[in-house]
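One structure is given below, encoded as structure tokens.
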Amino acid sequence: MDRYLVFGHPVRHSKSPFIHTLFARQTQQELEYGLAEPAVDEFAHALQVFFAQGGKGCNVTVPFKEQAFTLVDRLSPRAKRAGAVNTIKLTDDGVLLGDNTDGAGLVADLKSHGVTLADSRILLLGAGGAARGALAPLLAELPSELVIANRTHTKAQQLATEFHDLGPVTAQTYEQLAGPFDLVINSTSASLQGELPPLAPALIHTDIAIYDMMYGASDTAFISWAKQHGARQTMDGLGMLVEQAAEAFTVWRGIRPGTKQVLRELKRNLGVI
């Protein structure tokens, strides 16, 4: 039976085995999907052993995405742009192909919620790996402007410069931000600690769409804050998790699973509904 894994540290909390098991059942694909949590300095060896023992593909999560970028034989165009790999496939000719499905998953989830990206003004909070993976797919949707804001302004500037050839992307400090924005995406991990990015409440209005890449059984700190200040459309990253997994499954198996029922099952599993 074909074997797949998710590598991360920590990774025991991961819902990827749950999601991919449902995908396999839905598409009648025979595979098994497990977890691997090597020590931070043992990822390269663990990856090598997994494929040497017949592994067919894997997902890669924090903190190994940038390292995976350097370990594969070939990169997809979107992985090159992201500078990180979250999906690896062993091709029929024995090549390790690195891909990045995070940005595609984000865009698919936004569209499933009816969010219009074309001609919209988007604010992206954070300038780390999650932001980097999202930029090219977001800019491909032709927004009127995409503004990056980050606590370390130089990192935001570097990202804006790097992706400027793809569309109207700029960097601003949190103090410089001026609305209105149509969509705010929080790519920072602040919500994991119950913290907030230093965003002015005045930027929130009733017609804005708020997206937090983090998720949990209840509203994240950022979503709770946005609701308190009048945002009516708020979304967490659970749908993105399922959509990027569907994209990875398609890379591996050549068949795209449906996501709506799997997302409902995942929410039940987490106690969200």
Steps toward side chain to side chain contact (heavy atoms under 4.5 Å, CB included) verdict (V6, C58): CA-CA 5 Å; V6 56; C58 64; over 6 Å; no
Verdict with supporting geometry, N86 and T101, side chain to side chain donor-acceptor pair (under 3.5 Å): CA-CA 7 Å; N86 80 329; T101 66; 3.1 Å; yes
Verdict with supporting geometry, L166 and R81, side chain to side chain contact (heavy atoms under 4.5 Å, CB included): CA-CA 11 Å; L166 297 185; R81 267 293 185 178; 3.7 Å; yes
Ring pair (Phe, Tyr, Trp, His ring centres under 6.0 Å) evaluation trace for F7 with F64: CA-CA 8 Å; F7 285 95; F64 300 130; 7.3 Å; no
Stepwise side chain to side chain contact (heavy atoms under 4.5 Å, CB included) test for L238 and L270: CA-CA 10 Å; L238 201 58; L270 287 169; 3.6 Å; yes
I185 and L106: CA distance, side-chain angles, deciding distance, side chain to side chain contact (heavy atoms under 4.5 Å, CB included) verdict: CA-CA 10 Å; I185 300 170; L106 170 65; 4.2 Å; yes
Chi angles and distances behind the salt bridge (charged side-chain N to carboxylate O under 4.0 Å, His left out) call for R78, E247: CA-CA 12 Å; R78 57 189 179 184; E247 189 79 8; 2.9 Å; yes
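Here CD of E32 is found 11.0 Å from CD of E30. Values are rounded to the nearest 0.5 Å. Interatomic distance, OG1 of T259 versus CE of M240, reported as 14.0 Å (0.5 Å rounding). Interatomic distance, Q228 CD to D219 CG, rounded to the nearest 0.5 Å: 10.0 Å. Summarising the geometry, atom OG1 belonging to T206 is positioned 14.5 Å from atom NE2 belonging to H229; distances are rounded to the nearest 0.5 Å. Taken from CG in L125 to OH in Y211, the straight-line distance is 14.0 Å, to the nearest 0.5 Å. Atom OG1 of T170 is separated from atom CD of Q157 by 10.5 Å, given to the nearest 0.5 angstrom.
Hydrophobic clustering (ILVMFWY, side-chain heavy atoms < 4.5 Å, transitive): L47 and V85 are in one cluster. Residues L123 and V115 fall into different hydrophobic clusters, defined by Ile, Leu, Val, Met, Phe, Trp and Tyr side chains chained together at heavy-atom separations under 4.5 Å. In this structure, V147 is not a member of the same hydrophobic cluster as M213, with clusters built from ILVMFWY side-chain heavy atoms closer than 4.5 Å. Hydrophobic clustering of Ile, Leu, Val, Met, Phe, Trp and Tyr side chains at less than 4.5 Å, counting indirect connections, keeps L35 apart from F51. The hydrophobic cluster containing L5 does not contain L31, counting ILVMFWY residues as joined when their side-chain heavy atoms lie under 4.5 angstrom apart, directly or transitively.
By the neighbour-count criterion of 12 heavy atoms within 6.0 Å, atom NZ of K15 is densely surrounded, having more than that number from other residues, nucleotides or ligands.
Taking the six-membered ring for Trp and thresholds of 30 and 60 degrees, H20 and F23 have ring planes more than 60 degrees apart, a perpendicular arrangement.
Contact annotation: the side chain of R74 approaches that of L97 to within less than 4.5 Å [non-hydrogen atoms, C-beta and beyond]. The shortest side-chain heavy-atom distance between I88 and D99 does not fall under the 4.5 Å cut-off. Using a 4.5 Å heavy-atom threshold, the side chains of I148 and L146 count as touching. Annotation: side chain of T61 is in contact with side chain of V11 (closest heavy-atom distance under 4.5 Å). Residues Q29 and W252 form no side-chain contact, since every pair of their non-hydrogen atoms from C-beta on lies 4.5 Å or further apart. In this structure the side chain of Q176 reaches within 4.5 angstrom of the side chain of T173, judged on heavy atoms. Between K155 and T152, the closest side-chain pair of non-hydrogen atoms falls below 4.5 Å. N186 places none of its side-chain heavy atoms less than 4.5 Å from the side chain of I223.
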Scan the side chains in residues 192-205 for donor-acceptor partners under 3.5 Å anywhere in the protein, sequence neighbours excluded, and list what turns up.
unit_1 : atom_1 : unit_2 : atom_2 : d
H205   : ND1    : D207   : N      : 3.3
H205   : ND1    : I208   : N      : 3.3
H205   : NE2    : F181   : O      : 2.8

In a table with atom names and distances, give each donor-acceptor pair under 3.5 Å that connects a side chain of residues 126-142 to protein atoms at least two apart or in another chain.
unit_1 : atom_1 : unit_2 : atom_2 : d
R132   : NH1    : E162   : OE1    : 3.3
R132   : NH1    : E162   : OE2    : 2.7
R132   : NH2    : E162   : OE1    : 3.0
E141   : OE1    : K111   : NZ     : 3.0
E141   : OE2    : K111   : NZ     : 3.2

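Across all their heavy atoms, S120 and P143 have their closest contact at O-CB, 3.3 Å. A178 approaches R121 most closely through the heavy-atom pair O-NH1, 2.7 Å. Minimum heavy-atom separation, G83 to E66: O-CG, 4.1 Å. Residues D119 and D182 approach most closely at O-OD2, 4.5 Å, considering heavy atoms. Closest of all the heavy-atom pairs between N100 and G103 is OD1-N, 4.1 Å. Here the shortest heavy-atom pairing between H113 and Q233 reads O-NE2, 3.1 Å.
For residues 88-98, the set of pairs meeting the side-chain hydrogen bond (donor to acceptor under 3.5 Å, both in side chains) definition, not counting sequence neighbours, comprises T91-D93.
At a cut-off of 3.5 Å, with distance as the only test, no side-chain donor of Y4 or N59 sits close to an acceptor on the other residue. Side-chain contact check for S191 and D212: at least one donor-acceptor pair (N or O, by modelled atom type) lies under 3.5 Å.
Between R25 and E265, no side-chain nitrogen of the basic residue sits less than 4.0 Å from a carboxylate oxygen of the acidic one, so the salt-bridge criterion is not met.
At least one test fails for R256 against the ring of F249: distance under 6.0 Å to the centre or angle within 45° of the axis.
Side-chain atoms of E145 do not come within 3.5 Å of backbone N or O of V169 as any donor-acceptor pair.
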